[in-house]
Structures are given as C-alpha cells and as structure tokens.
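Numbers here simply count residues along the sequence, with the first being 1.
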Amino acid sequence: MQEQGSLIDTDELRAFDVVATKRSFSLAATEIGTSQSTISQRVARLEKRLNRTLIYRTTRQVKLTSDGEAMLIYARSMLAISDEARARLAQPGLKGFLKLGIEDEFARTRLPEVLGIFRAQFPHFGLKFITGRNEHLQDVLRSHEVDVILGKSHGLAKGTALWQEQLVWIGHRSLQLTPSDPVPLVTYLKPSLTRSIAESALLAQGRAWIEVAECSNLLGVIAAARSGLGVMAIGESFKKTVLDVVAKEAGLPPLGKLTYVIEGNPGAADPAVDAFRAVLSEVARRSSGAKREGMQGIGRDSD
C-alpha cells in the first residue's frame with residue numbers, strides 16, 4: 001500500500017490528466033485503453049492519497065475542483081518528467097545498470113519517491129547503490145566504484161546544483177537548553193561537512209559546546225539525539241517527527257544552507273549517466289516550482 005502523500009503512481013496521474021482534459025471518464029477510458037471503472041478507481045486512489053477531492057462528478061458533467069486545478073499542474077509536470085525519462089533511457093545502447101552513491105539522509109527518506117519514477121518505467125534497468133556520508137561518497141566516486149553521486153556542497157558546488165536545504169538544530173523535546181549552557185553536540189565523526197558548519201557557527205557566536213556523541217552514520221546520530229543526549233544539525237526536510245527544531249530561546253546560531261548536487265567523474269562519457277543527471281535535474285527544477293505553487297515537492301541531504 002502506498003502512503004498518503006506519495007505522488008509517484010504515473011497510472012493514477014495519467015488517468016486524472018486525461019479525465020481533466022476530456023471532462024469524461026468514459027472518453028478517458030477509451031483514450032487510455034482500459035475500462036471506465038479502472039479509470040474511476042485510479043482517480044479515487046489518487047484523491048484518497050492526497051486527502052483532497054479533485055473532480056466533481058454528476059450525471060451531466062465532470063469538472064475540476066480548485067484542488068483539482070492545482071493538482072493538474074503538478075500531475076502534468078510529473079508525467080512530462082516520466083515521459084522524458086522513458087525517452088532518454090529507452091535510446092539504443094542505454095541498458096545495463098548504473099552505480100549510484102547516495103547520501104544517508106536522502107537514502108533513508110526521499111530516495112524511494114524519486115527513484116520510483118525510474119523503476120516503474122524501466123523495471124529491467126538495473127541500479128546499484130552505495131549509501132554513506134558525503135566524504136565517503138567522494139572517495140568511492142574518485143575510485144570509480146560508482147558512476148555518479150547525489151551529495152552536498154557548501155559554497156561553490158563541484159557538481160550540478162539541484163537545490164538548497166536549510167540546516168536546523170534539532171533535539172528531543174525533553175531537552176532543556178538555555179543561552180548560557182554549553183551546547184551538548186551530537187555529530188558525525190570527522191571529516192564531516194555538517195559537523196564543520198555546526199562547529200563554525202558555534203565558534204563564530206562564541207558559544208561553548210561539548211561533544212556528547214560522535215557517530216559514523218545517520219542512524220547513530222539520530223539515536224543519540226532521540227535519547228535526549230544533545231542537539232544535532234540536519235537538513236530541515238529530514239527532521240524526524242520524534243525530534244523537534246530547537247526553540248529560539250536556546251540561543252543557538254543560524255546554520256545557513258547546503259547545496260545538494262549530482263556529481264560524476266570528470267570526463268566520463270556515459271550516456272546513461274548523462275540521461276540520469278539530466279532527468280534528475282529536471283525533477284528537482286520542476287519540484288521546486290511545484291513547492292512554490294503549494295504542492296508537495298522532493299529534496300535531500302546527509303552527512
């Protein structure tokens with residue numbers, strides 16, 4: 001069963017798009033080549049997942065609700081992305097599998113939503129993943145263990161910039177912290193880009209800190225923060241529901257933003273990598289536009 005809010009089912013999106021265009025369930029069924037009941041079920045599943053009524057239907061007419069009008073823009077963008085991915089990866093010679101390096105936080109939160117588009121369209125196109133922190137991914141990219149990585153950068157991005165992520169301080173809601181207290185810091189082992197940013201922000205503020213937990217991976221830092229040991233820095237969209245953004249009363253310094261990038265080896269001439277990079281860049285661009293329209297988008301981070 002798909003979770004409410006997942007927007008990767010292209011069959012449902014296409015059914016909704018055609019019904020919205022034809023203003024008829026029967027004509028949509030003819031257009032797609034399936035039964036009217038199947039079209040109705042797909043639209044109903046999409047409405048249930050979104051918890052919104054998209055289409056107002058009577059015996060005489062079919063029209064979009066205000067939510068349906070907004071959703072139609074998003075659906076057509078996602079279908080265009082899906083069609084573009086199909087066209088690029090269906091070219092002669094684009095077969096086999098890609099080796100990808102994916103940051104922990106993205107791999108454990110947003111990756112299925114993004115790659116669901118590719119997997120649904122190309123079930124025989126193999127994908128191999130290595131997950132880990134940013135510095136480790138740079139190593140495996142340089143050693144050619146992977147073809148491309150989804151990582152992050154601070155300042156000048158080395159790869160293709162996709163979007164930016166606001167960094168926030170988070171901790172367990174039971175943790176009480178005042179501006180005069182040394183900051184109990186939960187962080188990754190060095191080297192770590194996120195750790196470097198957090199420590200630099202505290203140093204610039206003149207705020208003392210104590211390293212209460214150092215971990216090599218995301219599961220470790222999340223577990224330490226969940227136990228109430230201290231606070232950690234993380235991309236805002238990756239905040240877990242069991243952890244809260246630290247209140248302003250704690251007086252912690254702002255952390256700024258990280259840029260998330262897709263990066264391949266310089267000079268690598270692989271059409272499959274180029275296609276993956278181009279389609280993912282388009283997903284990020286269009287999702288950013290969908291967010292501005294108030295719709296749910298996609299993002300990522302780690303380290």
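Counting heavy atoms from C-beta outward, E199 and L185 have side chains that approach closer than 4.5 Å. The closest side-chain heavy-atom distance from V146 to L100 is not below 4.5 Å. Side-chain contact between R14 and D11 is absent, with no heavy-atom pair separated by less than 4.5 Å. Using a 4.5 Å heavy-atom cutoff, the side chains of Y260 and S153 are not in contact. With a 4.5 Å cut-off on side-chain heavy atoms, D244 and I170 do not count as touching. I55 is listed as a side-chain neighbour of V43, based on a closest heavy-atom distance under 4.5 Å. Residues L54 and F16 meet the side-chain proximity criterion, which asks for heavy atoms closer than 4.5 Å. No side-chain heavy atom of I222 sits under 4.5 Å from any side-chain heavy atom of C215.
Between the side chain of S143 and the main chain of D139, a donor-acceptor pair closer than 3.5 Å is present. With hydrogens and angles ignored, the 3.5 Å screen pairs a side-chain donor or acceptor of E165 with a backbone N or O of E236. In this structure a side-chain-to-backbone donor-acceptor pair under 3.5 Å is present from R133 to S216. Panel note: side chain W169, backbone P253; a donor-acceptor pair is recorded below 3.5 Å.
With respect to R76 and D17, a salt bridge is recorded, a charged nitrogen being found less than 4.0 Å from a carboxylate O. Contact check on K190 versus E135 returns no salt bridge, with no Lys/Arg side-chain nitrogen under 4.0 Å from an Asp/Glu carboxylate oxygen.
Criterion: ILVMFWY side-chain heavy atoms under 4.5 Å apart, direct or through other members. Under it, L189 and L229 are not part of a common hydrophobic cluster. L50 and Y56 are not part of a single hydrophobic cluster, where members link through side-chain heavy atoms under 4.5 Å apart. Both M71 and L79 sit in one connected hydrophobic cluster of ILVMFWY residues. Membership requires side-chain heavy atoms under 4.5 Å apart, directly or through other members. Tracing side-chain contacts under 4.5 Å through hydrophobic residues (I, L, V, M, F, W, Y), one never reaches L141 starting from I262; they form parts of separate clusters. No path of Ile, Leu, Val, Met, Phe, Trp and Tyr side chains, each step under 4.5 Å between heavy atoms, connects V140 with I102, placing them in separate hydrophobic clusters.
The two atoms that bring I39 and A15 nearest to each other are CD1-CB, 4.1 Å, heavy atoms only. The nearest pair of heavy atoms linking R52 to D67 is CD-OD2, 3.1 Å. The two residues H136 and T131 come nearest to each other via the heavy atoms CD2-O, 4.4 Å. Closest non-hydrogen pair, G251 versus Q205, comes out as O-NE2, 2.8 Å. A pairwise comparison of heavy atoms in A198 and A233 identifies CB-CB, 4.2 Å as the closest pair. Heavy atoms only, all atoms of each residue included: L137 and I130 are closest at CD2-O, 3.9 Å.
More than 12 heavy-atom neighbours from other residues, nucleotides or ligands sit within 6.0 angstrom of CZ on F129.
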Throw together a table of side-chain donor-acceptor distances under 3.5 angstrom for residues 25-33, partners on residues two or more places apart or in other chains.
| residue | atom | partner | partner atom | Å |
| --- | --- | --- | --- | --- |
| S26 | OG | S24 | OG | 3.0 |
| T30 | OG1 | S26 | O | 3.2 |

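In this view, S180 and T178 satisfy the side-chain contact (heavy atoms from CB on, under 4.5 Å) rule, not counting sequence neighbours. In terms of the side-chain hydrogen bond (donor to acceptor under 3.5 Å, both in side chains) criterion, residue partners of R57 (sequence neighbours excluded) are, by chain and number, S40.
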Test log, rule side-chain hydrogen bond (donor to acceptor under 3.5 Å, both in side chains), inputs S192 and T194: CA-CA 6 Å; S192 163; T194 305; 4.8 Å; no
